[in-house]
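Down below is the structure, laid out as structure tokens.
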Amino acid sequence: MNRLTDLLGTALPLIQAPMAGVQGAALALAAGRAGALGSLPCAMLAPEAMRQELQRLAASGLPYNVNFFCHAPPTPDAAREAAWRAALAPYHAEIGLDLATIAAGPGRLPFGTAAAEVLEAFRPRVVSFHFGLPAPELLARVKAWGAVVLASATTVDEARWLEANGADAVIAQGLEAGGHRGHFLSDDLTRQSGTFALLPQVKAAVRVPVIAAGGIADAAGVRAAMALGADGVQVGTAYLCSDEATTSALHRAALQSEAARHTQLTTLFTGRPARGIVNRAMRELGALNPAAPAFPLATAAIAPLRAHWEAQGRGDFTPLWSGQNASGCLSASAAAITAALAEGFSPGL
Ligand SMILES: Cc1cc2nc3c(=O)[nH]c(=O)nc-3n(C[C@H](O)[C@H](O)[C@H](O)COP(=O)(O)O)c2cc1C
């Protein structure tokens, strides 16, 4: 269809966004069979689980994308951890939990040699990264089998950096997007802009194909992004209530309720800004509370609160990731959602 589909090997210039924690190979396969590029998020998968998911994808014969985070592992900061625990202490006390018994520790690992080894056996056609690119020697391993490398940019500077450092296409991630912001050159959120402000500026700044992401939830959104010069689109939130996603019932209900009209960027759940539906934790602690430890260390101390309230059927301390446009969150098959989005690529519609 265009130079992006040539690169990805798909019928459509549409990527089902990788979404760690809410999907696996099943969603990627369903989106892939419908003509999109399906994605497997690996940020929360140990090597053996990753291998099993990759086996399912490889058996399909479809092109697919394997996605990783590539943050610098944080240096633990005892003072910040203590401040974080002090901020959460009243909530632990409220439910009778002893914070002292909760171990600090990371929940998400960046792309490293163990993942590269698993990946090498499968040689996926596309590999995408969030939070920049891995170290040059790791990137070279991925490129060695000819993988197409994609990465998210939240500013024009990041798009230029990615192109200069080996990305074959750039995902322009607007502020509307659900989940983690992909920034890596600056954590100043005021430098970031909405999809339709970012996209044409990125397009003018780089020669590689540009994929628009953030707020695209239906065929009209796809058409608008393509009209603004996108070579393709990446859609996440609209797949969250698909039959094949593993999104919890609680999260699905929030996405399909009035609550989804109010999202905010928050560091409370992982330590990095990510967009989710506003809940009690965000309202009471402040969504960007400076005590939250560096990514991904914030998760450990808030996770028991999440588990407690989820068991009561409440999402008060749950990361209810969502983009600003949850209007496309239909309870439908990924094939139906993909087909509806694909209408946006038809000329004259
Ligand atoms: C629940 C959720 C989880 C996400 N996890 C990842 C991830 O693991 N890796 C990644 O590169 N992007 C992740 N993203 C961001 C998407 O790649 C994409 O930028 C975003 O979904 C596009 O905006 P939209 O949600 O408005 O469609 C996630 C998004 C959501 C909603």
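Atoms within a ligand are numbered from 1 in the order they appear, just like the ligands themselves. Note that the structure is predicted; figures quoted are calculated from it, not measured. Just the heavy atoms: all of them, side chains too, but no hydrogens, waters or symmetry mates, feed the values below.
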Kindly identify the option in [options] whose heavy atom sits closest to [atom].
atom	options	result
atom 15 (C) of ligand 1	G178, A177, A151, G179	G178
atom 26 (O) of ligand 1	G215, P18, G182, G323	G215
atom 19 (O) of ligand 1	M44, Q23, H130, Q173	Q173

Handout entry: Centroid-centroid distance, F131 to F295, less than 6.0 Å
Key =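 Yes, they do, as the ring centres are separated by less than 6.0 Å.
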
Handout entry: Per-atom contacts, ligand 1 versus M19 - under 4.0 Å to a heavy atom
Key =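 Here the atoms of ligand 1 in question are 2 (C), 3 (C), 4 (C), 5 (N), 6 (C), 28 (C), 29 (C), 30 (C), 31 (C).
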
May I ask you to identify the nearest protein heavy atom to [atom], giving residue, atom name and distance to one decimal place in Å?
atom	answer
atom 8 (O) of ligand 1	A20 N, 3.1 Å
atom 24 (P) of ligand 1	T237 OG1, 3.6 Å
atom 1 (C) of ligand 1	W321 CB, 3.5 Å
atom 11 (O) of ligand 1	N67 ND2, 3.0 Å
atom 27 (O) of ligand 1	G236 N, 2.9 Å
atom 16 (C) of ligand 1	A17 CB, 3.7 Å

Practice task
Answer yes or no: are there more than 12 heavy-atom neighbours, outside R3 itself, under 6.0 Å from its atom CZ?
Solution key: yes

Establish, from distance only, whether the side-chain atoms of [X] and [Y] form a donor-acceptor pair under 3.5 Å.
X	Y	result
H183	E158	no
S331	Q256	yes
Y239	T338	yes
Q16	S39	no
S333	D243	no

Practice task
Select one of side chain, backbone, both or neither to describe which atoms of F69 lie under 4.0 Å from any atom of ligand 1, heavy atoms only.
Solution key: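 Side chain only; the backbone of F69 stays clear of ligand 1.
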
Problem - Pair R181 + E176: basic N to acidic O under 4.0 Å - result: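 Salt bridge absent between R181 and E176.
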
Practice task
Under the side-chain contact (heavy atoms from CB on, under 4.5 Å) rule, what do R314 and D316 come out as? Steps first, then yes or no, please.
Solution key: CA-CA 6 Å; R314 301 189 62 92; D316 291 343; 2.9 Å; yes

Exercise for the section: Using distance alone, determine whether V235 and ligand 1 share an N or O pair under 3.5 Å. Expected result: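 By distance alone, the answer is no.
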
Exercise for the section: For ligand 1, find out whether one of its N or O atoms is nearer than 3.5 Å to an N or O atom of Q234. Expected result: yes

